[in-house]
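Within every chain, numbering begins at 1; the chains are lettered A, B, ... in the order of the sequence lines, protein sequences first and strands thereafter.
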Amino acid sequence: MVLTDTDRKLIVAIQDGLPLSPRPYAEIAEQLSLSEQDVIKRIRQLQSSNIIKRFGAVVRHHELGYTANAMVVWDIPDDQVDAAGKKLGEFDCVTLCYRRPRQLPLWPYNLFTMIHGKSHDSVIDALEKIAAETGLGAFSKEVLFSGRRFRQRGAHYGQR
Amino acid sequence: MAAVSANVAHIMDSVDRQIINGLQGGFPVSEYPFADAAKKLGLEESVLIKRVEKMLGDGTLSRFGPLYNIEKAGGSYSLCAMAVPDAEIEHTAEIINQYPEIAHNYERDHYYNLWFVVATESPEQITSLLADIEEKTGFPIMNLPKQEEFYVGLHFDV
């Protein structure tokens with residue numbers, strides 16, 4: 001999808017959240033001098049082209065009791081990393097799974113998973129289960145638990 | 001900037017939980033979306049709006065709206081790591097957080113102890129942004145752009 005200037009303005013207008021009123025899209029339309037139907041149509045297009053990947057309540061997982069989160073990084077041979085990524089993504093507690101470049105010599109890891117849990121121990125238990133079930137326990141990995149959160153929110157786009 | 005430390009999990013009731021579980025995706029895009037969503041949840045429109053307001057106010061929700069995938073719109077994300085002496089980590093995080101392109105910024109227990117995500121409108125902007133951050137903080141950045149996404153399923157049941 002090629003974004004128009006109007007789409008960009010709409011993206012910026014709703015990035016911090018929808019107006020909490022019975023007709024939020026009409027309010028946005030008024031701000032942008034568009035019709036309500038136009039706003040609705042454009043948001044649906046942004047959703048169908050996956051620029052908006054989710055629409056609704058964005059939670060702070062920490063406040064929901066998911067206070068432990070670990071980034072688990074794996075050093076998987078290049079010819080096996082895609083299969084490993086797909087396997088890891090199938091576990092419920094794995095909330096993100098990406099391949100990223102190694103930065104040798106200090107950083108040999110090429111597969112990144114995020115595991116969220118309600119405690120440190122539950123994350124470790126889940127990881128052991130995952131490693132055993134996938135057979136990936138044979139590869140070297142590191143577990144980086146999070147400490148302080150200096151920021152957790154979406155990035156901001158465009159001029160505010 | 002102080003790290004967020006409030007924990008409000010204990011003051012959520014079953015209606016809040018139902019709203020969170022039901023509305024992490026799929027909020028209606030229609031003329032009366034709160035009314036439509038409320039109907040599905042078995043609530044009144046005004047109750048749903050008030051509950052969402054309350055959960056935004058107390059920090060249970062960080063936002064009520066879109067979660068973007070800006071790569072689909074030509075934008076770019078990267079995960080970055082820095083190794084910062086403990087005594088300087090808060091100050092360094094503060095400098096980094098001054099950039100609006102920073103989406104997340106976490107301390108982690110590793111030699112690389114500061115991890116943040118940057119989001120820009122084009123891949124070229126990442127390079128200049130990271131150079132600028134390196135200059136302002138005085139620490140080199142390990143840049144780890146995404147090469148392949150296998151799964152993104154950030155949905156939390158409460």
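- In terms of heavy-atom pairs under 4.5 Å with chain B, the best-connected choice from A:I43, A:N50, A:V39, A:L46 is A:N50.
- Of the atoms belonging to A:T113, not a single heavy atom falls under 4.5 Å from chain B.
- Residue B:N113 does not touch chain A at all, counting heavy-atom pairs closer than 4.5 Å.
- Of the listed residues (A:L3, A:I14, A:V58), the greatest number of heavy-atom pairs within a distance under 4.5 Å of chain B belongs to A:V58.
- Rounding to the nearest 0.5 Å gives a distance of 12.0 Å between CD1 of A:I28 and CG of A:D38.
- Of the charged side-chain nitrogens involved, none lies within less than 4.0 Å of a carboxylate oxygen, so that B:D13 and B:R17 do not count as a salt-bridged pair.
- Between the OH atom in A:Y66 and the OG1 atom in A:T95 there is a gap of 10.0 Å [rounded to 0.5 Å].
- If you tally non-hydrogen atom pairs under 4.5 Å between each of B:E53, B:M55, B:K50 and chain A, the highest count goes to B:E53.
- Ranked by non-hydrogen atom pairs under 4.5 Å with chain B, the options A:L18, A:I52, A:I51 are led by A:I51.
- Annotation: maximal heavy-atom pairing with chain A below 4.5 Å, among B:I96, B:V52, B:N69, occurs at B:N69.
- Atom NZ in B:K54 sits 7.0 Å away from atom OG1 in B:T60 (nearest 0.5 Å).
- Under a 4.0 Å N-O distance rule, the pair A:R99/A:D82 qualifies as a salt bridge.
- Interface summary for chain B: among A:L20, A:L106, A:N69, the most heavy-atom pairs under 4.5 angstrom belong to A:L20.
- Each of B:F116, B:Y111, B:Y32 has some count of heavy-atom pairs under 4.5 Å with chain A, and the biggest count is that of B:Y32.
- Ranked by non-hydrogen atom pairs under 4.5 Å with chain A, the options B:L23, B:L144, B:I19 are led by B:L144.
- Contact of A:R102 with chain B is not made at all, since no heavy-atom distance falls under 4.5 Å.
- Residue A:V2 does not touch chain B at all, counting heavy-atom pairs closer than 4.5 Å.
- Between chain B and the residues A:A26, A:A57, A:G147, A:A70, the largest count of heavy-atom pairs under 4.5 Å involves A:A57.
- When heavy atoms are compared at a cutoff of 4.5 Å, B:E45 approaches chain A solely by way of its side chain, counted from C-beta outward.
- Put simply, of A:P24, A:P101, A:S21, A:S146, the one with the most heavy-atom pairs under 4.5 Å next to chain B is A:P101.
- Residue B:L48: no heavy atom, backbone or side chain, is found under 4.5 Å from chain A.
- The two residues A:Y25 and B:P33 come nearest to each other via the heavy atoms CE1-CG, 3.4 Å.
- Using a cutoff of 4.0 Å between basic side-chain nitrogens and carboxylate oxygens, A:E90 and A:K87 are not scored as salt-bridged.
- Classification of B:R63 and A:D16 as a salt-bridged pair fails, no side-chain N sitting under 4.0 Å from a carboxylate O.
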Inset, instruction - Show your working on salt bridge (Lys or Arg N to Asp or Glu O under 4.0 Å) between B:D36 and B:K40 and close with a plain yes or no. - result: CA-CA 7 Å; B:D36 294 343; B:K40 269 195 177 168; over 6 Å; no
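- Of the atoms belonging to A:M71, heavy atoms from both backbone and side chain fall under 4.5 Å from chain B.
- Distance CD1/B:I141 to CD/B:E134: 4.5 Å, rounded to 0.5 Å.
- Contacts of A:S49 with chain B are made by backbone atoms alone, with heavy-atom separations under 4.5 Å and no side-chain atom involved.
- In this structure, A:F112 and A:L96 have side chains that are not in contact, with every pair of non-hydrogen atoms separated by 4.5 Å or more.
- Salt bridge A:R100/B:E148: absent, no basic N to carboxylate O contact under 4.0 Å.
- For chain A, the nearby part of B:L114 is the side chain; its heavy atoms alone come within less than 4.5 Å.
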